[in-house]
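The structure presented is a predicted model; accordingly, all values stated were derived computationally and were not measured. In what follows, residues are counted from 1 in the order of the sequence shown.
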Amino acid sequence: MGVTVRVETNGASGVGNRLTAEEIAKAEGVIIAADKAVETARFDGKKLISKPVAAGIRQTEELIQTILDGKADVFHAENAAQASTSQEKLSLGGAFYKHLMSGVSQMLPFVIGGGILIALAFLIDQVLGVPTDLESLKQLGSYNQPAAYFMSAGKAAFGFMLPILAGFIGFSIAEKPGLVAGFVAGAIADSGAALGNVAYGATKATIPAAQSSGFLGALVGGFLAGGVILVLRKVLAGLPRTLDGIRSILLLPLLGVGFTAAIMFVLNIPMSAINTGMNTFLTNLGGSSAVLLGLLVGGMMAVDMGGPVNKAAYVFGTGTLTASALSGGGSTVMAAVMAAGMVPPLAVFVATVLFKDKFTQEERDSGLTNIVMGLSFITEGAIPFGAADPARAIPSFIAGSALTGALVGLAGLKLMAPHGGIFVIALTSNPLLYILFVLIGAVVSGILFGLLRKPKN
């Protein structure tokens with residue numbers, strides 16, 4: 001189109017190719033294609049369009065032309081929290097997903113780093129040995145000094161997880177005031193503080209004391225914090241402009257934290273009951289229940305290979321892991337999620353090897369790279385094949401992933417790490433069986449994909 005474009009990335013590894021103030025000043029306009037919140041205050045006064053990632057891929061020319069034609073709205077930083085898109089408002093589901101992923105993307109490094117360190121602590125103690133008496137076994141994971149080091153570091157990372165989740169959900173909804181209120185909501189969810197034990201002390205509480213409401217409580221707390229700040233902004237909108245500084249620096253953080261905490265003290269009681277019930281169910285999971293749950297989360301991992309459905313299954317798996325990691329048992333759901341997520345890229349490799357006549361040389365070369373993707377639990381490696389032939393590829397991937405998830409559930413395999421693929425295989429309860437189930441799913445998916453795919457002319 002003859003247009004010079006400067007692209008800044010906001011991914012799991014952080015911000016890349018950050019735009020400079022000079023580049024922003026020279027730009028005709030700004031296009032944000034993101035499914036999470038990005039820093040927008042710097043675009044004050046520029047024509048701006050904000051869309052989901054998919055629109056940036058599929059409507060590239062249309063978006064650029066909208067900027068060139070001057071049809072995009074001018075962005076004003078003071079309205080950043082209410083800004084959605086210049087041409088269409090996000091649906092309720094789309095907004096929920098965007099805010100959720102803003103929190104989850106910030107939380108995952110804490111889950112992955114802390115979870116693997118804790119898992120290594122148990123592994124080290126098992127290798128070095130722990131006496132078999134009950135008291136010593138209670139210290140499994142921190143009995144030997146090297147294991148204790150990893151356990152302490154892992155617990156420290158885990159300690160930030162829920163406040164980070166809630167804080168950045170709040171930030172996505174209401175920016176900095178939402179961040180501080182969200183952090184407080186996440187900390188309250190983690191500590192299990194409730195109205196009774198806060199008001200009277202644990203021994204005198206007349207209201208049932210709450211335990212940690214965990215991932216679910218932090219999730220609700222993040223949206224609560226953002227909502228409280230948005231309401232307060234409307235309530236305080238009538239203040240004179242001379243008080244703008246006080247409103248932003250004092251009133252919003254103070255009132256936001258106060259109201260959010262007060263509501264969380266009440267919500268923590270039912271949320272902790274739900275969290276405890278879910279954890280008890282998952283702990284006692286076995287037989288047909290484990291098979292069905294493994295089948296479900298396994299299939300979800302292959303539906304969109306990194307999209308909202310995949311992320312929902314993964315986040316659910318990490319939520320079950322946080323409830324079981326410190327006990328050292330690991331999570332069957334997390335095991336099913338990771339095994340199933342490894343299947344689609346490996347299935348691509350199987351299909352390109354067994355059905356060479358149905359793939360171009362470029363596709364066969366890409367199939368080789370999918371070995372590394374699959375073994376590393378990077379489901380997104382299969383996206384090009386799924387996008388090019390969704391009617392045949394996606395059902396094939398779902399079948400193998402669901403089968404692998406069901407087999408993991410049937411065998412009751414557990415995993416103590418939230419990511420890593422083959423590199424954390426030692427942290428599964430049965431590494432050989434785990435690898436076998438992944439391979440079974442990959443072969444089934446690969447054969448189905450190859451049989452359904454039409455030969456290349």
Problem - Any pair counted as salt bridge (charged side-chain N to carboxylate O under 4.0 Å, His left out), so long as it reaches residues 256-269, sequence neighbours left out - result: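 The answer is none; no pair qualifies.
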Exercise for the section: Just grab all the salt bridge (charged side-chain N to carboxylate O under 4.0 Å, His left out) pairs involving residues 178-188, residues at least two apart or on different chains. Expected result: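 Output for this query is empty, none listed.
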To the nearest 0.5 Å, what is the distance between [atom1] ([X]) and [atom2] ([Y])?
| X | Y | atom1 | atom2 | value |
| --- | --- | --- | --- | --- |
| L232 | L251 | CG | CG | 9.0 Å |
| M338 | T428 | CE | OG1 | 7.5 Å |
| F150 | S142 | CZ | OG | 13.5 Å |
| I422 | L375 | CD1 | CG | 5.5 Å |
| F423 | S376 | CZ | OG | 4.5 Å |
| Y434 | L413 | OH | CG | 8.0 Å |

Exercise for the section: Answer yes or no: does atom NZ of K176 have more than 12 heavy-atom neighbours from other residues, nucleotides or ligands under 6.0 Å? Expected result: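 Result for NZ/K176: open.
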Practice task
Report the C-alpha separation of N17 and V7 in whole Å, then their side-chain angles, then the decisive distance to 0.1 Å, and conclude whether the side-chain contact (heavy atoms from CB on, under 4.5 Å) test is met.
Solution key: CA-CA 7 Å; N17 308 310; V7 179; over 6 Å; no
Problem - For Y143, ring-ring contact (aromatic ring centres under 6.0 Å, His included) partners two or more places apart - result: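 Residues passing ring-ring contact (aromatic ring centres under 6.0 Å, His included) with Y143: none at all.
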Problem - ring-ring contact (aromatic ring centres under 6.0 Å, His included) involving F437 - partner list, sequence neighbours excluded - result: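 ring-ring contact (aromatic ring centres under 6.0 Å, His included) list for F437, sorted by chain: empty.
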Practice task
Please step through side-chain contact (heavy atoms from CB on, under 4.5 Å) for the pair F171 and Q106, ending with a clear verdict.
Solution key: CA-CA 11 Å; F171 177 78; Q106 302 291 345; over 6 Å; no
Exercise for the section: Check step by step if salt bridge (Lys or Arg N to Asp or Glu O under 4.0 Å) holds for E39 and R18. Expected result: CA-CA 11 Å; E39 183 186 346; R18 182 179 287 276; 3.4 Å; yes
Exercise for the section: Report the residues that fulfil side chain to side chain donor-acceptor pair (under 3.5 Å) with T404, sequence neighbours left out, ordered by chain and then residue number. Expected result: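 Counting only residues at least two positions away or on another chain, T404 forms no side chain to side chain donor-acceptor pair (under 3.5 Å).
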Exercise for the section: Check side chain to side chain donor-acceptor pair (under 3.5 Å) between D125 and all other residues, then give those that pass, not counting sequence neighbours. Expected result: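 With neighbours one apart ignored, the set is N144.
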Exercise for the section: Let me see the working for I118 and M416 under side-chain contact (heavy atoms from CB on, under 4.5 Å), right down to the final yes or no. Expected result: CA-CA 8 Å; I118 290 173; M416 292 192 289; over 6 Å; no
Does [X] reach the side chain of [Y], with side-chain heavy atoms less than 4.5 Å apart?
| X | Y | result |
| --- | --- | --- |
| F377 | M342 | yes |
| F215 | M107 | yes |
| L48 | D73 | no |
| L165 | V104 | yes |
| P240 | L243 | yes |

Shortest non-hydrogen contact between [X] and [Y], atoms and distance:
| X | Y | result |
| --- | --- | --- |
| A72 | I49 | CB-CG1, 3.7 Å |
| P418 | T318 | CB-CG2, 4.2 Å |
| A399 | S445 | C-OG, 4.3 Å |
| M271 | V220 | CE-CG2, 3.8 Å |
| S401 | A340 | OG-O, 3.0 Å |
| G341 | P344 | O-CD, 3.7 Å |

Check for a donor-acceptor pair, side chain of [X] on one end and backbone N or O of [Y] on the other, with a separation under 3.5 Å.
| X | Y | answer |
| --- | --- | --- |
| S152 | A148 | yes |
| N268 | I188 | yes |
| K51 | I31 | no |
| N370 | M373 | no |

Problem - Aromatic plane relationship, F160 with F110 - under 30° parallel, 30 to 60° tilted, over 60° perpendicular - result: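 Rings of F110 and F160: tilted, as their planes differ by 30° to 60°.
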Problem - Parallel, tilted or perpendicular: rings of F223 and H99 (30°, 60°) - result: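 Ring orientation of H99 relative to F223: perpendicular.
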Exercise for the section: Start with the C-alpha distance between F75 and V30, add both sets of side-chain angles, then the distance that settles side-chain contact (heavy atoms from CB on, under 4.5 Å), and finish with yes or no. Expected result: CA-CA 9 Å; F75 174 74; V30 179; over 6 Å; no
If the condition is side-chain contact (heavy atoms from CB on, under 4.5 Å), which residues does [X] pass it with, not counting sequence neighbours?
| X | result |
| --- | --- |
| L123 | L120, Q126, A426, L427 |
| A225 | A181, T260 |
| V74 | K47, H76 |
| L19 | R6, E8, E23, I24, R42, F43 |

Handout entry: Qualifying residues under salt bridge (Lys or Arg N to Asp or Glu O under 4.0 Å), relative to K311, sequence neighbours excluded
Key =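 In terms of salt bridge (Lys or Arg N to Asp or Glu O under 4.0 Å), with neighbours along the sequence ignored, K311 is linked to E380.
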Problem - T320 and S331 side chains, donor-acceptor separation under 3.5 Å - result: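 On atom types as modelled, these side chains qualify, holding a pair under 3.5 Å.
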Handout entry: Near-ring test F385/F397, centroid separation under 6.0 angstrom
Key =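 No, ring centres 6.0 Å or more apart.
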Exercise for the section: For a side-chain contact (heavy atoms from CB on, under 4.5 Å) with P177, tell me which candidate from V228, I229, L255 qualifies. Expected result: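 For P177, the side-chain contact (heavy atoms from CB on, under 4.5 Å) check succeeds only for I229.
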Sequence neighbours left out, cut at 3.5 Å: what donor-acceptor pairs do the side chains of residues 297-308 make with other protein atoms?
{"from": "D304", "atom 1": "OD1", "to": "N310", "atom 2": "N", "distance (Å)": "2.9"}
{"from": "D304", "atom 1": "OD2", "to": "V309", "atom 2": "N", "distance (Å)": "2.8"}

